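Note that this is a predicted model, so its numbers are computed, not measured. Reminder, nothing fancy here: chain letters follow the sequence lines and each chain counts from 1.
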Number of protein chains: 2
Amino acid sequence: MNPVVKQTVERCRMAGLRRTKALEELIATLLEHDRPMTLAELASSKRLAEQCDKATVFRLLQRLAGHGIIRRLGLHERAAYFTLLVPGKHSDYLICTSCGSIEAIQAPCPVHQLEEEIRVKTGFRNLYHELEFFGVCPKCARGERAG
Amino acid sequence: MNPVVKQTVERCRMAGLRRTKALEELIATLLEHDRPMTLAELASSKRLAEQCDKATVFRLLQRLAGHGIIRRLGLHERAAYFTLLVPGKHSDYLICTSCGSIEAIQAPCPVHQLEEEIRVKTGFRNLYHELEFFGVCPKCARGERAG
DNA sequence: GTAATTGCAAATACTTTGCCACGTA
DNA sequence: TACGTGGCAAAGTATTTGCAATTAC
């Protein structure tokens, strides 16, 4: 099993969750796609479609989000997106408003200092941020895909 | 009439939209609240509740977003949020995950340079970003409001 | 006069829950 | 054994659309 999957399942165990097949497949699926995914995408993905019901995936996502193992994101679509939180790793995203493609941005995030200032000035706890860039990708701009 | 409302309605007219009472009230409502609002909030706000149907507000929001007068935001809630785009003004937001309060952040946005790099490297068109900070506000942390 | 806009009601889309069966610890 | 989990189906919430009537230009 992929070491990050193993490590994440271990975090789930620490948090008091039971080690089920569905849990492992969900984490593996999120990890191998390496981008935020919707409930519908997850529930119909190869690993999970055969494994369990959509309601189960939903409840798993809820539990994992509650324990800080995954995070729920907005991203403008009607459906919510979920992304695996790997300790020490932070991602911002670049999203095409035409075809809906989503990719993680590699560049170092320029927001940490502002985040620190906000933490100090406002007294907010458990502060984190989300940064997304939206635009029309070159393919869509060329008309290769309709939007 | 508030000059920003007037100016924004004028932009709508330029874009080919008709000047209706509902349009003016919608823009005035968004402006006076000065924070992103949901369709439900807007449709039930004092100015709009008496003015028109929720479907009308929905379609107005759609049209305005299509013409770049307002923008649709994610913000983690199930409902979509909408914010007025005033030329030359950019806001990032600080959101309490416990009570749901939303406030605009005054500090200059630290993302412009990265945005420029992304524009150049990826060839994305019409690029813009959204930056939100989430956390638990001091009131909620003190237990004044349940979460 | 003509096309955009609106209201009402019905249809969708996505999420969330109830209840009882099942599996992990 | 006990309690977290899972399946199925039904309910809930927010969005989106059809169509005939109305209104801005």
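- With sequence neighbours left out, the ring pair (Phe, Tyr, Trp, His ring centres under 6.0 Å) criterion links B:F133 to A:H129.
- A distance of 10.0 Å separates CD in B:E77 from OG1 in B:T97, rounded to the nearest 0.5 Å.
- One finds no side-chain N or O of A:R63 lying less than 4.0 angstrom from the OP1 or OP2 phosphate oxygen of D:dG4.
- Nucleic acid contact for B:Q51: sugar-phosphate only, since backbone atoms but no base atoms lie under 4.0 Å from a heavy atom of the residue.
- Contact record, B:I69 with B:R11: CD1-CB, 3.9 Å, taken as the closest heavy-atom pair.
- Panel note: side chain B:E41, backbone B:T38; a donor-acceptor pair is recorded below 3.5 Å.
- Between the A:R59 side chain and the A:R63 main chain, no donor and acceptor come within less than 3.5 Å of each other.
- Of all heavy-atom pairs spanning A:V5 and A:E24, the tightest one is CG1-O, 4.2 Å.
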Contact state string [nucleotides 14-19 of chain D, B base, S sugar-phosphate only, - no protein heavy atom under 4.0 Å]: BSBBBB
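- Bending across the helix from C:dG1-D:dC25 to C:dA25-D:dT1, expressed as the angle between its end axes from five pairs apiece, amounts to 50° (10° rounding).
- Bracketed by its first and final contacts, the part of DNA chain C lying under 4.0 Å from non-hydrogen atoms of chain A reaches from C:dT12 to C:dA25 in 5' to 3' order.
- Here A:R125 pairs with B:V136, B:A141 under the side-chain contact (heavy atoms from CB on, under 4.5 Å) rule; sequence neighbours left out.
- Contacts of residues 17-31 of chain B with DNA chain D (heavy atom under 4.0 Å): B:R18, B:R19.
- Residues passing the side-chain contact (heavy atoms from CB on, under 4.5 Å) test with B:E117 are B:Q113, B:L114, B:K121, sequence neighbours excluded.
- Counting only residues at least two apart or on different chains, the ring-ring contact (aromatic ring centres under 6.0 Å, His included) pairs with a member in residues 48-88 of chain B are B:H76-B:F134.
- Within the structure, no pair that satisfies the salt bridge (charged side-chain N to carboxylate O under 4.0 Å, His left out) test touches residues 94-107 of chain A, not counting sequence neighbours.
- Remark: A:S91 pairs with A:K89, A:Y93, A:A104 by the side-chain contact (heavy atoms from CB on, under 4.5 Å) rule, at least two apart or across chains.
- Legend: residues meeting side-chain contact (heavy atoms from CB on, under 4.5 Å) with A:K21, ordered by chain and number and at least two apart, are A:E25, A:Q51.
- Residues satisfying the side-chain hydrogen bond (donor to acceptor under 3.5 Å, both in side chains) test with A:R18, not counting sequence neighbours, are none.
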